[in-house]
Number of protein chains: 2
Amino acid sequence: MALEHAILVSLLEKPGSGYELARRFERSIGYFWTATHQQIYRVLRRMETDGWVDVREVPQADRPDKKEYSVAEPGRAALSSWLHEPIELESVRHDLAVKIRGAAFDDPAALIREVERHHQAHTERLTRYLAGELRDFTGPDAPTAPVPPDAGRELQHVVLRGGIAYERMTLAWLDDVLATLRRLASER
Amino acid sequence: MALEHAILVSLLEKPGSGYELARRFERSIGYFWTATHQQIYRVLRRMETDGWVDVREVPQADRPDKKEYSVAEPGRAALSSWLHEPIELESVRHDLAVKIRGAAFDDPAALIREVERHHQAHTERLTRYLAGELRDFTGPDAPTAPVPPDAGRELQHVVLRGGIAYERMTLAWLDDVLATLRRLASER
DNA sequence: CTTGTCTATGCAACGAGTTGCATAGAAGGA
DNA sequence: TCCTTCTATGCAACTCGTTGCATAGACAAG
């Protein structure tokens with residue numbers, strides 16, 4: 001299980017509330033990990049009782065008060081020891097691929113719309129990632145590379161490049177899928 | 001939830017026992033879905049009580065007897081209706097990316113070995129996929145394209161191409177990660 | 001002034017997935 | 001003979017993840 005570790009990393013990058021974490025998981029962290037606010041709140045409470053994180057009540061004027069979490073020393077140690085143990089290869093769960101193979105026993109043409117929908121969603125994700133890259137890393141307004149270079153930014157960037165590569169690969173594959181489905185549809 | 005549907009697809013392609021399904025999930029189906037034998041047996045029993053699959057006791061001489069499952073009409077109908085409803089975008093859980101961003105708060109150089117290990121594992125997967133493609137689809141011994149073309153084979157092939165594209169993209173990204181980690185390690 | 005939206009947190013129930021263990025027939029090697 | 005390996009199936013306990021629902025303050029629109 002690594003949700004705890006993903007939260008630790010996010011809190012080390014910047015302390016925040018459960019709500020804020022949930023939003024980060026929808027955005028920047030979203031391209032390699034997903035979690036709902038329920039999960040996050042539950043895990044945060046467990047981490048708090050384990051002493052991995054500190055809490056600070058932050059009163060806010062124009063919106064409900066929040067609890068700001070930050071990483072405590074035991075949390076940092078837990079992350080460090082996790083970083084030093086080997087992990088499993090990521091495992092894939094790709095519903096769409098199940099559908100594509102299943103289409104052989106149904107109507108392949110009926111899948112075209114669905115695949116187009118996924119294509120569009122991935123296009124939007126790619127656009128979002130590229131905008132983020134321009135803003136934070138390669139654009140004119142991006143913080144210039146400091147000397148000594150910032151390892152954190154470099155590593156965030158290489159992970160983002162992974163997200164971008166994944167989306168590009170997926171889009172190319174979906175084009176291949178669409179071409180195959182259309183060929184099969186026209187051949188009957 | 002789609003494990004049921006993945007099992008239905010696999011049983012439509014070829015009936016088999018729970019044990020055989022578990023092995024298929026380690027191999028060809030493995031590049032878009034994973035499942036342990038526990039999960040498979042449990043779901044098979046549920047599908048049997050729901051009437052989605054038929055069972056046939058197959059006595060075997062040189063090994064324990066087995067139960068061969070095949071898809072019944074209600075199962076086929078359930079698959080068909082699932083194929084016609086939209087599904088969520090696949091969600092990613094990439095532990096390695098968490099580690100990479102976490103390395104900023106630890107020692108980036110210590111990650112190099114781990115990333116190399118992943119690189120090697122993905123190389124092996126790619127080799128396996130390519131061998132499978134050669135054997136089943138593009139090699140000289142592969143069944144020649146029949147007329148009319150076999151939609152099932154075409155769709156299996158396009159899914160396999162997706163697996164191959166994923167592995168190639170991942171390997172290229174891991175090279176990028178390694179270059180970044182090595183640069184950071186040498187710069188201190 | 002009610003309705004809706006955004007921030008912010010949480011409970012309860014359920015279903016999915018993992019881990020550890022157990023059984024058992026058949027085969028082959030030490 | 002005992003040990004291991006492969007085939008084949010399964011139980012029990014636990015953790016993780018999802019879904020539905022609930023509360024509540026602040027603000028804006030109708």
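Computation of the quantities below employed the complete heavy-atom set of this structure, encompassing side-chain atoms and omitting hydrogens, waters and symmetry-equivalent molecules. In the text below, chain A, chain B and the rest are named by the order of the sequence lines, each starting its count at 1. From a predicted model like this one, the values you see are computed outputs, not experimental measurements.
- Between the P atom of D:dT15 and the CG atom of A:D50 lies a distance of 13 Å, rounded to the nearest Å.
- Checking the phosphate oxygens (OP1, OP2) of D:dA24, no side-chain nitrogen or oxygen of A:K66 falls inside 4.0 Å.
- Residue A:Y19 places no side-chain N or O under 4.0 Å from the OP1 or OP2 atom of C:dT9.
- Within the 4.0 Å cut-off from OP1 or OP2 of C:dT9, at least one side-chain nitrogen or oxygen of A:Y41 is found.
- Among the protein residues, A:A61 comes within range of the sugar-phosphate backbone only, with heavy atoms under 4.0 Å from sugar or phosphate atoms but none that close to a base.
- OP1 or OP2 of D:dC16 sits under 4.0 Å from a side-chain N or O of A:R46.
- The phosphate of D:dG17 has OP1 or OP2 within less than 4.0 Å of a side-chain N or O from B:R93.
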- Message: Does A:D54 form a side-chain hydrogen bond (donor to acceptor under 3.5 Å, both in side chains) with A:S70? I'd like the steps, not just the answer.
- Response: CA-CA 5 Å; A:D54 294 321; A:S70 52; 4.7 Å; no
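- Across the protein-nucleic acid pair, A:R24 atom CZ and C:dA8 atom P stand 12 Å apart, rounded to whole Å.
- In this structure, of D:dT7, D:dG20, D:dA26, it is D:dA26 that holds the atom nearest to the side chain of A:D62.
- For A:D65 and C:dT9, the CG to P distance is 10 Å, given to the nearest whole Å.
- Phosphate contact (OP1/OP2 of D:dA8, side-chain N/O of B:Q60, threshold under 4.0 Å): present.
- Atom CZ of A:R63 is separated from atom P of D:dC27 by 10 Å (rounded to the nearest Å).
- Side-chain contact check for A:D175 and A:H119: at least one donor-acceptor pair (N or O, by modelled atom type) lies under 3.5 Å.
- As a whole-Å value, the separation of B:L3 CG from D:dG17 P is 17 Å.
- Across the protein-nucleic acid pair, B:L44 atom CG and D:dA8 atom P stand 14 Å apart, rounded to whole Å.
- OP1 or OP2 of D:dT9 has at least one side-chain nitrogen or oxygen of B:S17 nearer than 4.0 Å.
- Side-chain N/O atoms of A:Q39 and base N/O atoms of D:dC16 include no donor-acceptor pair closer than 3.5 Å.
- Of all nucleotides listed (C:dA8, D:dG17, C:dT19), C:dA8 comes nearest to the side chain of A:E20.
- When side chains are defined from C-beta on, A:E68 counts as touching A:K66, because their heavy atoms get closer than 4.5 Å.
- Taking the six-membered ring wherever Trp is involved, the centroid distance between the rings of B:Y129 and B:Y31 falls below 6.0 Å.
- Among the atoms of the strands shown, only primed sugar atoms or phosphate atoms (P, OP1, OP2) are found under 4.0 Å from some heavy atom of B:R45.
- One can place CD of A:E26 at 12 Å from P of C:dC6, the figure rounded to the nearest angstrom.
- Heavy-atom nearest nucleotides on DNA chain D were determined for B:R23 and for A:W33, and the one closer to the 5' end corresponds to B:R23.
- A:R153 and A:H157 share no donor-acceptor pair across their side chains, judged by distance under 3.5 Å alone.
- For D:dG17, the base has no donor-acceptor partner in the side chain of A:Q38 [N/O atoms by modelled type, under 3.5 angstrom].
- Ranking C:dA8, C:dT19, D:dT9 by closeness to the A:P64 side chain, first place goes to C:dA8.
- No option in B:W82, B:W33, B:F32 other than B:W82 meets the ring pair (Phe, Tyr, Trp, His ring centres under 6.0 Å) test with B:H5.
- We find that NE2 of B:H37 is positioned 11 Å from C1' of C:dT18, with the value rounded to whole Å.
- B:R42 has no side-chain polar atom (N or O) that falls below the 4.0 Å cut-off from OP1 or OP2 of D:dT9.
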